[in-house]
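The figures here come from the full heavy-atom set of this structure, side chains too, leaving out hydrogens, waters and symmetry mates.
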Amino acid sequence: MNILITGATGLVGTQLIEQLFLNGKYNIRVLTRNPEKAQANSQFPVKYFHWNYKEKSIDTEALKDIDIIFHLAGESVAKGRWNKNRKQEILNSRKEGSEFLIKSLEQNNIKPKKFISASAIGIYGDRDKELLNENSSLDETFLANVCKNWEEATLKHSISEMKNHIIRVGIVLSKDGGALKQMLPPFKAGVAGNLGSGKQFMSWIHIKDLVNQFIFLMENECEETVFNGVSPNTVTNKEFTKTLGKVLSRPTLFPIPTFMIKLLFGEMSTILISSQNVIPSNFKKNNFKFQFENLEDAFSEILRHDLKGENVPTRYQWINKPLDEVFSFFSNEYN
């Protein structure tokens, strides 16, 4: 089976490639803006091909006889404050990138069996305690509109033989990148705490479960188009903070007030303080088996090789750190 992946150098993409390679039965190709660099850094026998949606260029050899496409590419939402140009980059990388990839398939008469795309639970907006599933109404905020454009671009095509699936990804937990990697230093130093009120819901997922969800949709015939890529057990920020502190045996006594978060990050602060109580109804319906439904179990597995006291920064090391560096987490990265 021939598999094509975009966004393969990001957190989810690299883990997906590793798992597919370990399965030992797939031929993997990757679209990237710098195939030479990616090939040189690759640990696996993966073929890299050039594409650039801005230049409308793509190596069509990558598309030939493709069975499955995993589309993960998109600019990080957490690299700097959101000004007008930055917001346009975030939108274009998802909307125009998806449109160009779909158009390339159509123009070259390529008919994959499945096109499986990432999206994000930011599409639901800030919803307090409301329980959200795949059929819940969508929001009109910037991030929500980015996700809506992203999804619409992947679904709008004339390839009748191709089935679409979309995974709306929550907060991905991995020590190798994303939210948790950025959180660990202040937590280990004992200078972390709740964000804002701490009452906002956080819909999280272990990286292994998320990768398995992408593979599950590839290997199984599921009727639904949209799936929430989150654990069944959402927690509040207060619970999240307390649990991570417990696993690390560190205090969590330094909350960051909401006004300070807004002052530091501007509109991007919505990533940190929005509440989304999301459940994976369609994965449950299709009998997907989670390895990590419990947050403490997820943290314990991810941090199982960490020795208490090893490479732990002192709290004084963080005093002079810019807060936008200390708390530059809670981003879904698909680059």
Side-chain angles (χ1 to χ4, degrees), residues 1-32 35-51 58-73 98 101-102 104-105 108-119 154 157 159-167 169 172-174 176-177 205-227 229 280 282-292 301-302 333-335:
M1 182 180 289
N2 297 318
I3 296 174
L4 180 65
I5 305 175
T6 73
T9 58
L11 173 62
V12 179
T14 53
Q15 295 293 317
L16 178 60
I17 286 177
E18 180 177 346
Q19 189 59 48
L20 290 171
F21 176 77
L22 291 175
N23 286 348
K25 54 184 178 180
Y26 304 115
N27 299 313
I28 305 170
R29 304 174 194 171
V30 168
L31 285 176
T32 178
E36 292 79 14
K37 180 180 179 181
Q39 192 79 61
N41 295 330
S42 178
Q43 302 178 32
F44 304 101
V46 175
K47 294 182 179 180
Y48 292 86
F49 299 84
H50 177 266
W51 86 311
I58 188 169
D59 187 341
T60 55
E61 286 296 315
L63 306 179
K64 292 182 178 179
D65 301 317
I66 281 297
D67 298 297
I68 305 292
I69 295 178
F70 291 109
H71 182 44
L72 312 176
S98 300
L101 181 56
I102 291 292
S104 298
L105 295 174
N108 290 278
N109 197 32
I110 306 298
K111 301 177 180 179
K113 297 174 183 176
K114 293 182 181 180
F115 189 105
I116 304 170
S117 176
S119 182
T154 64
H157 60 79
I159 309 172
S160 59
E161 298 90 340
M162 185 173 76
K163 187 171 184 61
N164 285 85
H165 293 302
I166 294 169
I167 299 183
V169 181
V172 183
L173 300 186
S174 169
D176 297 322
I205 187 166
H206 191 294
I207 183 66
K208 290 183 178 180
D209 279 334
L210 179 61
V211 167
N212 287 337
Q213 287 178 342
F214 278 100
I215 295 175
F216 180 86
L217 292 181
M218 175 182 69
E219 295 181 339
N220 294 274
E221 294 305 316
C222 302
E223 294 300 319
E224 298 80 8
T225 298
V226 177
F227 294 77
N282 284 342
F283 275 120
K284 283 289 192 178
K285 179 180 177 181
N286 285 277
N287 298 313
F288 174 81
K289 304 299 182 184
F290 287 87
Q291 293 185 56
F292 303 97
E301 192 278 337
I302 292 169
E333 302 218 15
Y334 306 112
N335 296 319

**OP:** For side-chain contact (heavy atoms from CB on, under 4.5 Å), just list the numbers for D67 and I3, CA-CA rounded to whole Å, side-chain angles, deciding distance to a tenth of an Å, and then say yes or no.
**Re:** CA-CA 6 Å; D67 298 297; I3 296 174; over 6 Å; no

Atom [atom1] of [X] and atom [atom2] of [Y]: how far apart are they, to the nearest 0.5 Å?
X: N287; Y: N220; atom1: CG; atom2: CG; value: 9.5 Å
X: L16; Y: L210; atom1: CG; atom2: CG; value: 9.0 Å
X: M218; Y: M1; atom1: CE; atom2: CE; value: 6.0 Å
X: M162; Y: I102; atom1: CE; atom2: CD1; value: 4.0 Å
X: F214; Y: I167; atom1: CZ; atom2: CD1; value: 4.0 Å
X: D59; Y: Y48; atom1: CG; atom2: OH; value: 15.0 Å

Subject >> Trace of the side-chain contact (heavy atoms from CB on, under 4.5 Å) decision for F292 with L173 >> reply: CA-CA 11 Å; F292 303 97; L173 300 186; over 6 Å; no

Original post:
For H165, which residues count as a ring-ring contact (aromatic ring centres under 6.0 Å, His included) partner, sequence neighbours excluded?
Top reply: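 Result, ring-ring contact (aromatic ring centres under 6.0 Å, His included) vs H165: F227.
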
Original post:
What residues form a ring-ring contact (aromatic ring centres under 6.0 Å, His included) with F290, not counting sequence neighbours?
Top reply: F288

What residues form a side chain to side chain donor-acceptor pair (under 3.5 Å) with [X], not counting sequence neighbours?
X: Q291; value: none
X: K285; value: E224
X: N212; value: none
X: S104; value: none

**OP:** May I ask you to check whether over 12 heavy atoms, not counting those of K47, lie within 6.0 Å of atom NZ?
**Re:** no

Mind checking what makes side chain to side chain contact (heavy atoms under 4.5 Å, CB included) contact with [X], not counting sequence neighbours?
X: D65; value: N2
X: T14; value: none
X: E18; value: Q15, L22, F44
X: E161; value: K111, I159

Within a strict 4.5 Å, meaning less than it, do heavy atoms of the [X] and [Y] side chains meet?
X: N41; Y: T9; value: no
X: T154; Y: I166; value: yes
X: C222; Y: F283; value: no

If you compare all heavy atoms of [X] against all heavy atoms of [Y], which two are closest, and at what distance to 0.1 Å?
X: I17; Y: V46; value: CG2-CG2, 3.9 Å
X: I28; Y: I5; value: CG2-CD1, 4.0 Å
X: D209; Y: K289; value: OD1-O, 4.4 Å
X: S174; Y: L11; value: OG-CD1, 3.7 Å
X: H71; Y: S98; value: NE2-OG, 2.9 Å
X: I69; Y: I66; value: CG1-CG2, 3.6 Å

Subject >> Lys/Arg N to Asp/Glu carboxylate O, E219 vs K114, below 4.0 Å >> reply: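 Between K114 and E219 there is no salt bridge, as every charged N stays at least 4.0 Å from the carboxylate O atoms.
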
**OP:** With P112 as reference, evaluate L105, L63, L4 under the side chain to side chain contact (heavy atoms under 4.5 Å, CB included) test and give the passing residue.
**Re:** L105

**OP:** Could you list the residues that satisfy salt bridge (charged side-chain N to carboxylate O under 4.0 Å, His left out) with K284, not counting sequence neighbours?
**Re:** E293

Original post:
Can you name the residues that form a salt bridge (charged side-chain N to carboxylate O under 4.0 Å, His left out) with K64, not counting sequence neighbours?
Top reply: E61

Original post:
Can you tell me if N164 uses its side chain to pair, donor with acceptor, with the backbone of T225 under 3.5 Å?
Top reply: no

**OP:** Decide side-chain contact (heavy atoms from CB on, under 4.5 Å) for T6 and W51; before the verdict, give the C-alpha distance in whole Å, the side-chain angles of both, and the deciding distance to 0.1 Å.
**Re:** CA-CA 9 Å; T6 73; W51 86 311; 4.1 Å; yes

**OP:** Determine, step by step, whether Y26 and I68 satisfy the side-chain contact (heavy atoms from CB on, under 4.5 Å) criterion, reporting the C-alpha distance in whole Å, the side-chain angles of both residues, the deciding distance to 0.1 Å, and the verdict.
**Re:** CA-CA 10 Å; Y26 304 115; I68 305 292; over 6 Å; no

